[in-house]
Asker: 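Sharing a structure with you now.
By convention in this document, chain letters (A, B, ...) are assigned in the order of the sequence lines, proteins followed by strands, and residues within each chain are numbered from 1.
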Amino acid sequence: MDKIISLCKRRGFIFPGSEIYGGLANTWDYGPLGAQLKKNVKDLWWKTFVERRLDMVGIDAAILMNPTTWEASGHVSGFSDPLMDCKSCKSRERADKLIEKWIHENSSEERPRNWAGEKTPAKDLLEFINDKKIPCPICGKTNWTEPKAFNLMFKTRQGVVEEEGKDIYLRPETAQGIFVNFKNVLETTRKKLPFGIAQIGKAFRNEITPGNFTFRTREFEQMEIEYFFDPDSSPWQEVFEMWKKDSLNFVTDILGIKKENLRLRDHEKDELSFYSKGTTDIEYKFPFGWGELCAAGAYRTDYDLKQHEKFSGKNLSYLDPYTNKTFIPHVLEPSFGADRVTLAVLLSAYEEEQLEEETRIVMKFKPDLAPLTLAVLPLVNKLNEQAEHLANDLLKNYRVDFDTSGSIGKRYRRQDEIGTPFCLTFDFDSLNDNAVTVRDRDTMKQDRINISALKEYIDRKLFD
RNA sequence: GCGGUACUAGUACAAUGGUAGUACGCCGCCUUGCCAAGGCGGAGACACGGGUUCGAUUCCCGUGUACCGCUCCA
């Protein structure tokens, strides 16, 4: 991981956030190459799941939403943990988990008053803990502060005058932007079930412990789909299997992440969200361990639409034109993290090759995913001007770099480190034969290609 | 949030209570004839703030950031 972080900084993929001011914890800025790489990831996702499917459409909803949205979704009350501090040793524990553990260890059936897990009132949790003298697992004393609900949503204010503003939240997930627009999309696109709505956008969560580079950050970008269906005509397991397969194909075939570094993991019952009937994660083997790339399909049932119907008073049901049945559609949610997928692409592409007297670092991105498609390299400085004309001509079709600094071998190495699949060397013969030497990063083979045939040659390799 | 460790050029590392070095990288010039050639020249760092001291990058305190552990993870 240190190698990747260092390479990212050195070559302009990812920088520490607000670095000149000493940084801001857990923020990362994408540099020129990283921004392009992440954009390529998002573009390929959008192409795969929106543009190339008849049963999918895309939207781009606002990050700021009417606060009632979050009451309906359960985030205001449920998206928080009852945390308390041990006054003796200053450690922090989750009150509900501590109680559950105690109940389990003591084989007790007894529970606090109003017991509803993490949503139990704080004073009932504390009363139970003090009553049973549940000790601090660190220091063994029972000396707790009252549990406080730590809401994981970022709060801000709408309105320029601080006191008069209305509290609003930065969305903790993009999904709700889709649900609140369900009716609008249905009416404007005339889609029939089953169909899905996709969205790419930022979400914000006050995670207690972020970390591992860009893997878990408080500001992150999601690529989410809500796929609506009638559970009577399409059983959720079928929809689920389809999305599991399609999601996995995206990761392996489109992004080129190796299968041996991937695994599917079904969520255990106790880690499922309260609304969810099932989820499978696609996990990638990060240097710090297995980590989720994608929740291949959380089955959210009809929970969200029902909640929004209840809180908004608007009718969000679907009238099936064939059966005349009116019902609230069920939802399956395949959700990708754009930042962690991009990180997995970076890690997955990283290779070191031992050459005779040195090590060559090469980022083997799939050609269409690479930040730069090709680099034009004049063999010597005398050819710079003509080569630059070629580079400019190629810009209309490809992402092009132009490098004149240092020997030709050194420039090949630079492009290796940033994963550029093709290097075009413009030499003295090029002036006469109108051809360049194309060097393929993966095969290390060289072909002499006429400039007029370049597009055909590169496109063939790009879509291989 | 808690505890521990660390912080020196773009990166990786040295050294030092009194002028901060090395390698690679970067820039310019000369050179160049397809896989990190060479020569010359150049830019570039003590995370931030305070204290002790004649003098602090070095010692002390605070802040920031990162890493490890705990905790947490819709």
Asker: Heavy atoms under 4.0 Å, any strand shown: does A:T437 hit a base, just sugar-phosphate, or nothing?
Answerer: base
Asker: Remember a base hit wins even if backbone is also touched, and classify A:R448 as base, sugar-phosphate or nothing at under 4.0 Å, heavy atoms.
Answerer: base
Asker: Starting the side chain at C-beta, find the nucleotide from B:G25, B:C68, B:C27 nearest to A:K410.
Answerer: B:G25
Asker: Taking the cut-offs as 6.0 angstrom to the six-membered ring centre and 45 degrees off its axis, would you call A:R171 and A:F204 a cation-pi pair?
Answerer: no
Asker: Which nucleotide sits closest to the side chain of A:R10: B:G10, B:C35, B:U65?
Answerer: B:G10
Asker: Remember a base hit wins even if backbone is also touched, and classify A:F426 as base, sugar-phosphate or nothing at under 4.0 Å, heavy atoms.
Answerer: nothing
Asker: Taking any strand in view, what nucleotide pairs with B:G41 in a Watson-Crick or G-U wobble way, both distances under 3.5 Å?
Answerer: B:C27
Asker: Roughly how many Å apart are B:U11 and B:C67, using the P atom of each and rounding to a whole number?
Answerer: 15 Å
Asker: Can you tell me, in whole Å, how much space there is between the C1' of B:U65 and that of B:A47?
Answerer: 8 Å
Asker: Could one point to a donor on the side chain of A:D427 or the base of B:C34 with an acceptor on the other under 3.5 Å away?
Answerer: yes
Asker: Under a 3.5 Å cutoff, is there a donor and acceptor pairing between the side chains of A:E224 and A:T174?
Answerer: yes
Asker: Should the pair A:K38-A:E221 be classified as a salt bridge under the 4.0 Å nitrogen-to-oxygen rule?
Answerer: yes
Asker: Could you give the distance separating B:A66 and B:G50 at their P atoms, to the nearest angstrom?
Answerer: 23 Å
Asker: Between B:A12, B:C35, B:G28, which nucleotide has the shortest distance from any of its atoms to the side chain of A:M444?
Answerer: B:C35
Asker: Looking at B:U32, does its base get a donor-acceptor pair with the side chain of A:N381 below 3.5 Å?
Answerer: yes
Asker: Could a donor-acceptor pair under 3.5 angstrom be found where the side chain of A:R411 meets the base of B:C35?
Answerer: no
Asker: Quick check: A:Y30 with A:F13 (ring centres under 6.0 Å apart)?
Answerer: no
Asker: In whole angstroms, how far is the C1' atom of B:A47 from the CD1 atom of A:I20?
Answerer: 13 Å
Asker: For atom C1', what is the distance between B:C61 and B:G69, given to the nearest Å?
Answerer: 26 Å
Asker: Does A:R11 make a side-chain N or O approach to OP1 or OP2 of B:U11 shorter than 4.0 Å?
Answerer: no
Asker: Under 4.0 Å between any heavy atoms, over every strand shown, what does A:Q446 touch: base, sugar-phosphate, or nothing? Just pick one.
Answerer: base
Asker: Using a 4.0 Å heavy-atom cut-off across all strands, classify A:T359 as base, sugar-phosphate, or nothing.
Answerer: base
Asker: Look at all strands and tell whether A:S335 reaches a base, only sugar-phosphate, or nothing, counting heavy atoms closer than 4.0 Å.
Answerer: nothing
Asker: Let's test this: given Watson-Crick or G-U wobble pairing with both distances under 3.5 Å, identify the partner of B:C59.
Answerer: B:G51
Asker: Would you check if A:I5 and A:M1 make a side-chain contact, meaning some heavy-atom pair closer than 4.5 Å?
Answerer: yes
Asker: Which base sits across from B:A20 as a Watson-Crick or G-U pair, both distances under 3.5 Å?
Answerer: none
Asker: Would you classify A:L7 as touching base, sugar-phosphate or nothing, given that sugar-phosphate means primed atoms plus P, OP1 and OP2, and contacts are heavy atoms under 4.0 Å?
Answerer: nothing
Asker: By nearest heavy atom, map A:S407 and A:K382 onto RNA chain B; which one lands nearer the 5' end?
Answerer: A:K382
Asker: With both distances kept under 3.5 Å, what pairs with B:A6, Watson-Crick or G-U wobble?
Answerer: B:U65
Asker: With a 4.5 Å cut-off on side-chain heavy atoms, are A:I197 and A:F228 touching?
Answerer: yes
Asker: Distance check, P atoms only: B:U53 and B:U58, in whole angstrom units.
Answerer: 16 Å
Asker: Using atom C1' of each nucleotide, how far apart are B:U31 and B:A20 to the nearest Å?
Answerer: 34 Å
Asker: Base of B:C48, side chain of A:Y21 - is there a donor-acceptor contact under 3.5 Å?
Answerer: no
Asker: What I want to check is whether an N or O donor and acceptor connect the side chain of A:R413 with the base of B:C35 at under 3.5 Å.
Answerer: yes
Asker: Using the C1' atom as the reference point in each nucleotide, state the distance between B:G25 and B:A9 in Å, no decimals.
Answerer: 11 Å
Asker: Between A:I5 and A:G22, name the one whose nearest nucleotide on RNA chain B is closer to the 5' end.
Answerer: A:G22
Asker: Is there a side-chain contact between A:K9 and the phosphate of B:U11, meaning an N or O under 4.0 Å from OP1 or OP2?
Answerer: yes
Asker: Heavy atoms under 4.0 Å, any strand shown: does A:I408 hit a base, just sugar-phosphate, or nothing?
Answerer: sugar-phosphate
Asker: Output all residues satisfying salt bridge (Lys or Arg N to Asp or Glu O under 4.0 Å) with A:E283, sequence neighbours left out; order by chain, then residue number.
Answerer: A:R263, A:R265
Asker: Say we look at B:C7 and B:C59: how far apart would their P atoms be, to the nearest angstrom?
Answerer: 10 Å
